[in-house]
Amino acid sequence: MSMEMAKRIELEKRGRKPSEILELNLDSCRAPSIDGLSEEFSELESLSLINVGLTSLKGFPSLPKLQKLELSDNRIQSGLQNLQGCPNLTHLSLSGNKIKEIDTLEPLKNFSELKHLDLFNCEVTQLDDYREQVFELLPNLKYLDGFDKN
């Protein structure tokens, strides 16, 4: 198992306590799953995990203050229920992942604060009525792939 994510987190902390960190950028560190990220990052508001090679969100920590989560360009197919410990998400980017079905997005119904969802370059965007279906599933959503409901 790659220790890259855990090492990168240590670097990014720069000697600070996890609870002092509001923003964490782990882009391009190679890790198939979440490693070294814990509930200790209790004040985290923004987390970026672009192009990490994630195939799973298993073990994603509860981050109650997290508002912005960048997961673009990974290999995530499902498992969005693993984000349920982040009830205050307002922005979620899943563009460039392996999401094929609207059903995969079902767990996002629990995120009442979610206003921006990005699924650009996911197979799901090719479904007929994709936009209508997503807005119907997630009535609080304001923007999908950068465009509003209308």
Side-chain angles (χ1 to χ4, degrees), residues 4-5 8-9 12-13 16 18-150:
E4 267 209 50
M5 185 179 288
R8 175 71 176 274
I9 290 170
E12 295 288 333
K13 279 171 32 184
R16 295 171 294 175
S19 60
E20 297 173 325
I21 295 172
L22 302 184
E23 214 167 287
L24 196 55
N25 179 323
L26 304 173
D27 295 355
S28 301
C29 72
R30 308 308 298 160
S33 58
I34 301 293
D35 183 23
L37 191 62
S38 71
E39 262 110 57
E40 293 183 331
F41 289 87
S42 53
E43 301 297 311
L44 205 58
E45 291 170 9
S46 173
L47 174 61
S48 191
L49 290 160
I50 298 172
N51 186 29
V52 172
L54 285 176
T55 53
S56 162
L57 293 170
K58 208 164 141 32
F60 200 93
S62 289
L63 301 169
K65 302 249 175 109
L66 195 66
Q67 292 170 19
K68 190 171 187 198
L69 179 57
E70 266 289 356
L71 289 166
S72 313
D73 301 327
N74 283 293
R75 297 199 297 273
I76 297 161
Q77 289 179 19
S78 62
L80 298 178
Q81 68 279 5
N82 291 300
L83 300 176
Q84 64 200 3
C86 311
N88 291 307
L89 276 182
T90 58
H91 291 68
L92 176 60
S93 177
L94 289 161
S95 58
N97 276 284
K98 307 277 181 216
I99 293 169
K100 301 183 172 87
E101 308 290 331
I102 296 283
D103 293 356
T104 306
L105 305 173
E106 190 87 18
L108 299 180
K109 285 203 303 203
N110 303 325
F111 296 87
S112 55
E113 301 300 316
L114 191 63
K115 302 289 185 260
H116 298 256
L117 178 63
D118 201 337
L119 294 162
F120 188 71
N121 276 346
C122 288
E123 270 179 66
V124 69
T125 60
Q126 315 210 336
L127 297 175
D128 293 342
D129 303 329
Y130 150 74
R131 289 181 59 79
E132 291 81 354
Q133 287 191 62
V134 174
F135 278 118
E136 197 174 316
L137 180 67
L138 308 171
N140 297 319
L141 203 61
K142 298 272 183 277
Y143 295 94
L144 178 60
D145 304 334
F147 294 99
D148 66 17
K149 216 176 274 206
N150 311 318

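Remember, predicted model here, so these are calculated numbers, not experimental data.
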In short, P61 meets C86 closest at the heavy-atom pair O-SG, 3.8 Å

| task | Step through the shown structure and confirm whether more than 12 heavy atoms of other residues, nucleotides or ligands are within 6.0 Å of CD on E40. | result | no

Has the side chain of R75 got a donor or acceptor atom that lies under 3.5 Å from a matching backbone atom of P32?
-> no

Yes or no on side chain to side chain contact (heavy atoms under 4.5 Å, CB included) for E113 and L89, after CA distance, side-chain angles and deciding distance? CA-CA 6 Å; E113 301 300 316; L89 276 182; over 6 Å; no

(Q) Measuring only between side-chain heavy atoms, which start at C-beta, is V124 closer than 4.5 Å to T104? (A) no

* Do I34 and L49 have side-chain heavy atoms sitting under 4.5 Å apart? -> yes

Taking every heavy atom of N25 against every heavy atom of D27, the minimum-distance pair comes out as OD1-N, 2.8 Å

Worksheet entry | Audit row: L57, L83, side chain to side chain contact (heavy atoms under 4.5 Å, CB included) steps and yes/no | CA-CA 8 Å; L57 293 170; L83 300 176; 4.2 Å; yes

Donor-acceptor pair, T55 side chain versus I76 backbone, under 3.5 Å? no

Original post:
Is the count of non-hydrogen atoms from other residues, nucleotides or ligands lying under 6.0 Å from K98 atom NZ greater than 12?
Top reply: no

Interatomic distance, CG@N82 vs OG@S33, rounded to 0.5 Å, equals 11.0 Å

Of all heavy-atom pairs linking S42 and S19, the shortest is OG-CB, 3.8 Å

Worked verdict on L47 versus L26 for side chain to side chain contact (heavy atoms under 4.5 Å, CB included) = CA-CA 8 Å; L47 174 61; L26 304 173; 4.2 Å; yes

Which of E39, E45, E43, E23 passes salt bridge (Lys or Arg N to Asp or Glu O under 4.0 Å) with K65? It is E43

The reported gap from CD in E70 to OG in S48 (rounded to nearest 0.5 angstrom) is 5.0 Å

Exercise. Under a 4.5 Å cut-off applied to non-hydrogen side-chain atoms, are I99 and L105 in contact?
Worked result: yes

- Query: Any side-chain heavy-atom pair from K109 and L137 closer than 4.5 angstrom?
  - Reply: yes

Run S72 and S95 through side-chain hydrogen bond (donor to acceptor under 3.5 Å, both in side chains) and show every step you take. CA-CA 5 Å; S72 313; S95 58; 3.2 Å; yes

Scanning both residues in full, the closest heavy-atom pair of P64 with N88 reads O-ND2, 2.8 Å

For residues 130-146, the side chain to side chain donor-acceptor pair (under 3.5 Å) pairs (sequence neighbours left out) are Y130-D145

In this structure, NZ of K58 is separated from CD of Q81 (nearest 0.5 Å) by 10.5 Å

Closest non-hydrogen atoms of E4 and C29, given as atom of the first, atom of the second and distance, are OE1-CA, 3.8 Å

Separation between CG (L138) and CD (E106), nearest 0.5 Å, reads 8.5 Å

For D73 and N97, the nearest pair of non-hydrogen atoms, with its separation, is N-ND2, 4.1 Å

Residue pairs passing the ring pair (Phe, Tyr, Trp, His ring centres under 6.0 Å) test with at least one member in residues 58-97, sequence neighbours excluded, are H91-H116

E12 bridged to R8 by N-O distance under 4.0 Å: yes

request  = For L92 and D118, run side chain to side chain contact (heavy atoms under 4.5 Å, CB included): C-alpha distance rounded to whole Å, both residues' side-chain angles, the deciding distance at 0.1 Å, then the answer.
outcome  = CA-CA 6 Å; L92 176 60; D118 201 337; over 6 Å; no

Between the CZ atom in F120 and the OG1 atom in T125, the distance rounded to the nearest 0.5 Å is 8.0 Å

Rounded to the nearest 0.5 Å, the CG atom of L117 sits from the NZ atom of K115 at a distance of 12.5 Å

